[in-house]
Engineer: 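Before anything else, here's the structure in question.
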Amino acid sequence: MAEIGRDIDRAAVLLASGKVVAIPTETVYGLAGNAYDVNGISRIFEVKDRPSFNPLIVHTSSLNKIRNFVKEIPQVARDLAEALWPGPLTLLLQRNEIIPDLVTAGSHLVAVRIPNHPLTLDLLSAIEFPLAAPSANPFGYISPTNAQHVQEQLGDKVPYILDGGPSAIGIESTIIGFDEYGQAEVYRFGGTPLEEIEEIVGPLNMNLNAARKPQAPGMLKSHYAPNTQLLLCDIAATIPRMNANKTGVLSFNKMYEGVPAQNQRTLSITGDLHEAAHELFATMRDLDNMGLQIILAEEVPDTGLGKAINDRLRRAAETRIL
């Protein structure tokens, strides 16, 4: 099994030699490799069994470092970066040639962010290269929010897991790109609520369509899914049709009659969307490990972080009952 520890120097040596290392961020744990090293990046795709047409996010520690691998940082992007970095926001910028095609799936854009985690920021400050880092899980499965999740999922495929404790936010970053006129566009809902972004740049356009060749990470239709079938539905109306003892419930803030209490999980009993986002992947993973036939889930209020939670639920669901 992969070793878990807090040794930044060891992580840096492994990364510099072309190895991959799992790193903590405030969103989820990432599987990191040297973003300039094709061999290291190839190892990320190999460990995750991730399709090569799906681009990666590049992480670094400062705007000055970002200037080393992008052609420009438009004013609107600088405004967002200065207000919201470090934090759960990714920006799509014009890359220069130092970033390999494998990182961006051949796109002229590279997804970039500065994560808000002290241990990983120390690592990024100590190395001379940025890190490409998708979530540290097998492709398509639930994203990990602590070091043990990574160890359970990737085993000995990763030599080292940098342990920064539980992820504070628990869902991936919001991704923002810019059209030809400089207008900000949403490519993925995530840990930065759109309301906070609109306070800085004004109304946002939406560019959320899943594609066979996505323009940004996390745009594929099927993603973040447990092995157990997850059904996004009217829970109360669906329970009577199910085998109660083999059914799990993933609700926003209430328990339901007709399913054993031990098979039910709430994201936030107080209805707090921040708590719900933090608990989403860990709760989904918990239910997935119970040997159930099906998990019934429901959407949360579609505002603030609720948009990101609902996005992850929709992508995890195999079938949706309206």
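Numbers here are sequence positions counted from 1. For the numbers below, each heavy atom of this structure counts, side chains included, while hydrogens, waters and symmetry mates do not.
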Engineer: State whether a side-chain donor-acceptor pair under 3.5 Å links Ser173 with Thr90.
Structural biologist: yes
Engineer: Is any side-chain heavy atom of Pro115 less than 4.5 Å from a side-chain heavy atom of Leu124?
Structural biologist: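 Pro115 vs Leu124: side chains touch.
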Engineer: Check the side chains of Arg113 and Thr25 for a donor-acceptor pair under 3.5 angstrom, ignoring hydrogens and angles.
Structural biologist: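 Their side chains do contain a donor-acceptor pair, which is all the 3.5 Å distance test asks for.
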Engineer: Apply side chain to side chain contact (heavy atoms under 4.5 Å, CB included) to Glu299 and Arg314, showing your working.
Structural biologist: CA-CA 8 Å; Glu299 293 188 356; Arg314 290 170 192 143; 3.0 Å; yes
Engineer: Has the side chain of Glu298 got a donor or acceptor atom that lies under 3.5 Å from a matching backbone atom of Ala236?
Structural biologist: no
Engineer: Please give me the minimum heavy-atom distance between Pro88 and Thr27, naming the atom from each residue.
Structural biologist: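 It is CB-CG2, 3.6 Å.
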Engineer: State the CD-CE distance between Gln148 and Met1, to the nearest 0.5 angstrom.
Structural biologist: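 Separation between the atoms: 10.0 Å.
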Engineer: Distance-only criterion, 3.5 Å: show the donor-acceptor pairs between side-chain atoms of residues 130-140 and protein atoms not counting sequence neighbours.
Structural biologist:
unit_1 : atom_1 : unit_2 : atom_2 : d
Ser135 : OG     : Asn137 : OD1    : 2.5
Asn137 : ND2    : Tyr141 : O      : 2.9

Engineer: Can you tell me if Arg95 and Ser107 form a side-chain donor-acceptor pair at under 3.5 Å?
Structural biologist: no
Engineer: Could you grab the distance from atom CG of Asn96 to atom NZ of Lys71, nearest 0.5 Å is fine?
Structural biologist: 7.5 Å
Engineer: What heavy-atom pair brings Leu305 and Ala277 nearest, and what distance separates the two atoms?
Structural biologist: CD1-CB, 4.2 Å
Engineer: Say whether Val13 and Tyr160 are linked into one hydrophobic cluster, either directly or through other cluster members, by side-chain heavy-atom distances under 4.5 angstrom.
Structural biologist: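 In one cluster: no.
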Engineer: Cation-pi check for Tyr256 against Lys254: NZ or CZ below 6.0 Å from the six-membered ring centre and within 45 degrees of the axis, yes or no?
Structural biologist: yes
Engineer: Does the side chain of Asn253 come under 3.5 Å of the side chain of Thr266 through a donor N or O and an acceptor N or O?
Structural biologist: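 Asn253 vs Thr266: no donor-acceptor pair found between side chains.
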Engineer: Are the side chains of Phe189 and Leu194 in touch, meaning some heavy atoms are under 4.5 Å apart?
Structural biologist: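 Yes, close enough: below the 4.5 Å cut-off.
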Engineer: Search all heavy atoms of Ala2 against all heavy atoms of Ile161 and return the closest pair with its distance.
Structural biologist: CB-CD1, 3.8 Å
Engineer: Within the structure provided, determine whether Arg312 and Glu172 are in side-chain contact (heavy-atom separation under 4.5 Å).
Structural biologist: yes
Engineer: For Gly165, is there any backbone N or O sitting under 3.5 Å from a side-chain donor or acceptor partner on Asn146?
Structural biologist: no
Engineer: Counting distance only, does the side-chain N/O of His278 pair as donor-acceptor with the main-chain N or O of Ser167 below 3.5 Å?
Structural biologist: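 Side chain of His278 to backbone of Ser167: a pair is present.
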Engineer: Is Asp101 reaching over with its side chain to a backbone N or O of Ala105, donor-acceptor style, under 3.5 angstrom?
Structural biologist: no
Engineer: Can you tell if the side chain of Ile197 reaches within under 4.5 Å of the side chain of Thr192, non-hydrogen atoms only?
Structural biologist: yes
Engineer: Are any of the side-chain heavy atoms of His149 and Arg285 separated by less than 4.5 Å?
Structural biologist: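 In short, these two side chains touch, coming nearer than 4.5 Å.
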Engineer: Where the side chain of Asp163 meets the backbone of Arg6, is there a donor-acceptor pair that is under 3.5 Å apart?
Structural biologist: no
Engineer: Mind listing the closest non-hydrogen atom pair of Asp286 and Met290 along with its distance?
Structural biologist: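 Looking at all heavy atoms of both residues, the closest pair is O-CG, 3.3 Å.
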Engineer: State, without any angle test, whether Glu128 and Tyr36 hold a side-chain donor-acceptor pair at a distance under 3.5 Å.
Structural biologist: no
Engineer: Is any side-chain heavy atom of Tyr29 closer than 4.5 Å to a side-chain heavy atom of Ile23?
Structural biologist: no
Engineer: Determine whether Leu91 and Trp85 make a side-chain contact, defined as any pair of heavy atoms from C-beta on separated by less than 4.5 Å.
Structural biologist: yes
Engineer: Let me see the working for Val110 and Gln94 under side chain to side chain contact (heavy atoms under 4.5 Å, CB included), right down to the final yes or no.
Structural biologist: CA-CA 6 Å; Val110 60; Gln94 297 274 346; over 6 Å; no
Engineer: Count the heavy atoms belonging to other residues, nucleotides or ligands that lie under 6.0 Å from CD of Glu82, then report whether that count exceeds 12.
Structural biologist: yes
Engineer: So, do Val158 and Leu31 sit near enough that their side-chain heavy atoms are less than 4.5 Å apart?
Structural biologist: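 SC-SC contact between Val158 and Leu31 confirmed.
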Engineer: Rounded to the nearest 0.5 Å, how far apart are CD of Glu275 and CG of Leu267?
Structural biologist: 8.5 Å
Engineer: Hey, mind stepping through Leu296 and Ile239 against side chain to side chain contact (heavy atoms under 4.5 Å, CB included) and telling me if it holds?
Structural biologist: CA-CA 8 Å; Leu296 306 182; Ile239 285 174; 3.8 Å; yes
Engineer: Going from CG on Leu204 to CD on Glu185, what distance comes out if it is rounded to the nearest 0.5 angstrom?
Structural biologist: 9.5 Å
Engineer: So does Arg10 pair up with Glu3, basic N to acidic O under 4.0 Å?
Structural biologist: yes
Engineer: When rounded to the nearest 0.5 angstrom, what distance separates OG in Ser61 from NZ in Lys65?
Structural biologist: 3.5 Å
Engineer: Taking Val259's backbone N and O only, do any of them form a donor-acceptor pair with Asn263's side chain (distance below 3.5 Å, no angle check)?
Structural biologist: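 Checking the backbone N and O of Val259 against the side chain of Asn263, no donor-acceptor pair under 3.5 Å is found.
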Engineer: With the 4.5 Å side-chain cut-off for hydrophobic clustering, are Met284 and Ile269 part of the same group?
Structural biologist: no
Engineer: Would Thr104 and Leu109 count as a side chain to side chain contact (heavy atoms under 4.5 Å, CB included) if you check the C-alpha gap in whole Å, the side-chain angles of each, and the deciding distance to 0.1 Å?
Structural biologist: CA-CA 7 Å; Thr104 68; Leu109 299 174; over 6 Å; no
Engineer: My understanding is that only one of Thr174, Leu89, Leu84 makes a side-chain contact (heavy atoms from CB on, under 4.5 Å) with Glu196; could you say which?
Structural biologist: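 Only one option passes, and that is Leu84.
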Engineer: For Lys19 and Pro159, which heavy atoms make the closest approach, and how far apart are they?
Structural biologist: CB-CG, 4.4 Å
Engineer: Calculate, to the nearest 0.5 Å, the distance between atoms CG and CD1 belonging to Leu15 and Ile127 respectively.
Structural biologist: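 Rounded to the nearest 0.5 Å, the CG-CD1 separation comes out at 6.0 Å.
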Engineer: Can you check whether Gly170's main-chain N or O pairs, donor with acceptor, with Thr145's side chain at less than 3.5 Å?
Structural biologist: no
Engineer: Salt-bridge test for Asp311 and Lys307: reply yes if a basic N is under 4.0 Å from a carboxylate O, no otherwise.
Structural biologist: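 A salt bridge is absent here (no side-chain N lies under 4.0 Å from a carboxylate O).
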Engineer: Under a plain distance cut-off of 3.5 Å, with no hydrogens placed, do Gln264 and Ser251 share a side-chain donor-acceptor pair?
Structural biologist: no
Engineer: So does Leu287 get a backbone contact from the side chain of Arg265, meaning a donor-acceptor N/O pair under 3.5 Å?
Structural biologist: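 No, the answer is negative, given that no donor and acceptor are paired below the 3.5 Å cut-off.
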